[in-house]
Engineer: 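Encoded as structure tokens, here's the structure I'll be asking about.
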Amino acid sequence: MGGEVPEPRRLSRALSFGCGGVPEEALHLVFGYMDDPRDREAASLVCRLWHRIDALSRKHVTVGFCYAVEPARLLARFPRLESLALKGRPRAAMYGLIPEDFGAYAAPWVAELAAPLDCLKALHLRRMTVTDEDIAVLVHARGHMLQALKLDKCSGFSTDALRLVARSCRSLRTLFLEECIIEDEGSEWLHELAVNNSVLVTLNFYMTELKVEPADLELLAKNCKSLISLKMGDCDLSDLIGFFQTSKALQEFAGGAFFEVGEYTKYEKVIFPPRLCFLGGLTFMGKNEMPVIFPYSTMLKKLDLQFTFLTTEDHCQLIAKCPNLSVLEVRNVIGDRGLEVVAATCKKLRRLRIERGDDDPGQEEQGGVSQIGLTAVAVGCRELEYIAAYVSDITNGALESIGTFCKNLYDFRLVLLDKQKKITDLPLDNGVRALLRNCVKLRRFAFYLRPGGLSDVGLGYIGLYSGNIQYMLLGNVGESDNGLIQFATGCTNLRKLELRGCCFSERALAVAVLQMPSLRYIWVQGYRASRTGQDLMLMARPYWNIEFAPPIPESAYRVMADGQPCVDTHAQVLAYYSLAGRRPDCPQWLVTLHPASL
């Protein structure tokens, strides 16, 4: 009588619909409209037919951790993949918390990819070790049809491999190398790319140490009329005048530098392409160089000022001329005054990133972001979908404002810096409750505070109101094990969790993991650990790998010249679901925990 159909009846109807009521060709078409991998995962469990159709129609797969499945098993499950993305080392590796010898080697995956996947056109590797040999194997097998190669924050290869890619992959439309550590054996790779490729759309070697010749960039622009995005290493902007004149279709550029600060006359002849609307890098740009971009400010949709020399006042002057921004990336020197200008000017803003600036007391005095700036942005920029900010101060009221006005927010990340001695309004329990309760579209959430920033009650609120969140990073939160358990009982859809600076016990961590049914991956650094990790075994179960890095005693670690330890000395634990069993390349400093090992 009214209401929802009971679950057994729904399942029965789905089974009859899939296994006899609809032609297979129609089901193929239906599956083609399923983009969310979780929807496909659920559909594939309905019956064998749906499972087979999912396998044959799946075009893209993202493997959240490269040790979660064996390469051969994945490729047998999805034999017609056109695109594959693999993630390697934990995110903490980006902050120096994971040693280089952690693993995440691309070789086993490349060896498998070289043979069976006739349809593979795109490969994305993130935080993995990739050698020249790996790239050679991939190119020889798939180079003739490879359209996108993304090596994101990877290491282990050289420009010799890039030269091979440039010569062999003539259908390549995207080459992405951002933040990779690449051994520079010369700039011939770019010349080869310019000579052999005429269809390139995106080239990104931003934040690498690669040096290139401006003439090769001009040749690339001449031969690749389709080039719309170039992000490169630092190159004096005055040397790129010819490239800009040739790149008529260019829409995005990042990486130019003003090496001669204060010499505006050297740069006044720089004229950006007519379609340019995404601009970043601009290293060392100061007040005197800002006029270079003034003529294009109203057309800009994305602006990255993280590596400039601009003051708070300079930010205010420039941003006031950019009313159409949808993406803004700055350092916290922008200050509250700068964010108030953003709020008044950038009504179309969707993404705001405020990175930590230099540890310069002078910069903190003139800038620094607090609840004042964040509240202004929340009220003025109501289309925001993404906020990531390092703040010096924050209040419950500011978080409530974000929850009230930013209804489209799907990703929120806040780090409370420890420079300011007194924070206005702690704990932030009520603020985080209001934010999570009102921002129902949130899928990713990071909250890194200072001790005392969130009580057990607030941690319980995060669990209670984060039912849709799939990724979470928490730091210095809670007061006791009880807070962690309250948090865990509410996280029904959480798939990936990272914790730092915890007061929690080993036993509480293990119990909490068992309370989160969707959890596939957890990384913890800094908690009340034992020498052996024995209480972590409470979370042991089939297909659940537990890797433990014991705390390092002070007498055992080396220090750098500034007196800081060269490796993290706190205990770490990494646990994850894996169909591949224990990995064969686990480094000596990691202990794999299994019942038989204790």
Side-chain angles (χ1 to χ4, degrees), residues 91-92 94-97 331-336 339 353-361 363-365 367-375 378 387-403 412-436 444-463 466 472-484 486-487 497-505 508-509 512 523-529 551 564-565 568-572:
R91 287 180 66 259
M94 298 189 297
Y95 307 101
L97 300 175
R331 288 178 295 130
N332 56 6
V333 69
I334 189 174
D336 290 333
L339 290 182
R353 186 176 190 88
I354 307 170
E355 279 290 338
R356 180 176 188 167
D358 298 331
D359 293 326
D360 182 356
Q363 185 185 85
E364 187 68 23
E365 288 174 8
V369 170
S370 74
Q371 62 274 4
I372 297 172
L374 283 187
T375 300
I387 299 175
Y390 283 80
V391 299
S392 301
D393 197 4
I394 190 67
T395 61
N396 283 285
L399 295 175
E400 291 172 8
S401 295
I402 294 171
F412 178 78
R413 310 181 189 201
L414 184 134
V415 178
L416 179 59
L417 299 173
D418 57 5
K419 292 181 180 180
Q420 196 162 304
K421 290 184 178 180
K422 185 178 180 181
I423 302 301
T424 303
D425 187 17
L426 295 181
L428 298 169
D429 299 350
N430 292 331
V432 76
R433 176 179 59 179
L435 187 149
L436 292 174
R444 300 174 68 84
F445 179 70
F447 214 46
Y448 198 103
L449 305 176
R450 291 159 51 162
L454 199 72
S455 73
D456 281 350
V457 173
L459 195 52
Y461 287 154
I462 293 180
S466 63
M472 196 178 297
L473 164 65
L474 301 174
N476 291 314
V477 296
E479 304 165 298
S480 69
D481 289 350
N482 289 334
L484 179 63
Q486 291 177 40
F487 158 80
L497 174 64
E498 298 177 358
L499 297 172
R500 288 193 65 196
C502 305
C503 63
F504 312 127
S505 69
L509 285 172
W523 175 83
V524 187
Q525 179 245 13
Y527 62 99
R528 288 190 281 133
Q564 296 298 314
D568 183 70
T569 58
H570 298 287
Q572 296 186 23

Engineer: Which pair of heavy atoms, one from E400 and one from A434, lies closest together, and at what distance?
Structural biologist: CG-CB, 3.4 Å
Engineer: If you round to the nearest 0.5 Å, how far is OH of Y390 from CZ of R356?
Structural biologist: 7.5 Å
Engineer: Measuring from atom CG of L399 to atom CD1 of I394, what distance do you get when rounded to the nearest 0.5 angstrom?
Structural biologist: 4.5 Å
Engineer: Donor-acceptor pair, N332 side chain versus G357 backbone, under 3.5 Å?
Structural biologist: yes
Engineer: Rounded to the nearest 0.5 Å, what separation is found between the OG atom of S480 and the CG atom of D456?
Structural biologist: 3.5 Å
Engineer: Shortest non-hydrogen contact from S505 to D481?
Structural biologist: OG-OD2, 2.7 Å
Engineer: If every non-hydrogen atom of D418 is compared with every non-hydrogen atom of R450, which pair is closest and at what distance?
Structural biologist: CA-NH1, 3.6 Å
Engineer: Can you name the nearest heavy-atom pair linking T375 to S401, along with the distance?
Structural biologist: CG2-OG, 3.7 Å
Engineer: What is the minimum heavy-atom distance between S392 and I423, and which atoms define it?
Structural biologist: O-CD1, 3.5 Å
Engineer: Considering residues at least two apart in sequence or located in another chain, which fulfil the side-chain hydrogen bond (donor to acceptor under 3.5 Å, both in side chains) criterion with T395?
Structural biologist: none
Engineer: Could you check if a side-chain atom of V524 sits within less than 4.5 angstrom of a side-chain atom of F504, using non-hydrogen atoms only?
Structural biologist: no
Engineer: How far does CG of D393 sit from CD1 of I372, to the nearest 0.5 angstrom?
Structural biologist: 8.5 Å
Engineer: When you measure from the side chain of E479 to the backbone N and O of S455, does any donor-acceptor pair fall under 3.5 Å?
Structural biologist: no
Engineer: Is a side-chain N or O of Q572 found less than 3.5 angstrom from the main chain of L97, in a donor-acceptor match?
Structural biologist: yes
Engineer: Tell me, with the steps shown, if I462 and L474 meet side chain to side chain contact (heavy atoms under 4.5 Å, CB included).
Structural biologist: CA-CA 10 Å; I462 293 180; L474 301 174; 4.1 Å; yes
Engineer: First locate atom CG of D336, then atom CD of Q371, and finally report the distance between them rounded to the nearest 0.5 Å.
Structural biologist: 7.5 Å
Engineer: In Å and rounded to the nearest 0.5 Å, what is the CG to CD distance from L499 to Q525?
Structural biologist: 10.5 Å
Engineer: Charged N to carboxylate O below 4.0 Å: is that the case for E498 and R500?
Structural biologist: no
Engineer: The test is side chain to side chain contact (heavy atoms under 4.5 Å, CB included); show your working for D429 and Y461 and say whether it passes.
Structural biologist: CA-CA 7 Å; D429 299 350; Y461 287 154; 4.2 Å; yes
Engineer: Would you mind reporting whether L426 and L449 have side-chain heavy atoms less than 4.5 Å apart?
Structural biologist: no
Engineer: Using the side chain to side chain contact (heavy atoms under 4.5 Å, CB included) rule, take F445 and V432 through it: C-alpha gap first, then chi angles, then the decisive distance, then the call.
Structural biologist: CA-CA 11 Å; F445 179 70; V432 76; 3.8 Å; yes
Engineer: Using the side chain to side chain contact (heavy atoms under 4.5 Å, CB included) rule, take V477 and F487 through it: C-alpha gap first, then chi angles, then the decisive distance, then the call.
Structural biologist: CA-CA 11 Å; V477 296; F487 158 80; over 6 Å; no
Engineer: When you look at CZ of R353, are more than 12 heavy atoms from neighbouring residues, nucleotides or ligands closer to it than 6.0 Å?
Structural biologist: no
Engineer: Tell me every residue that passes side-chain hydrogen bond (donor to acceptor under 3.5 Å, both in side chains) with N476, counting only those two or more places apart in sequence or in another chain.
Structural biologist: none
Engineer: Please determine, by modelled atom types, if N430 and N396 share a side-chain donor-acceptor pair under 3.5 angstrom.
Structural biologist: no
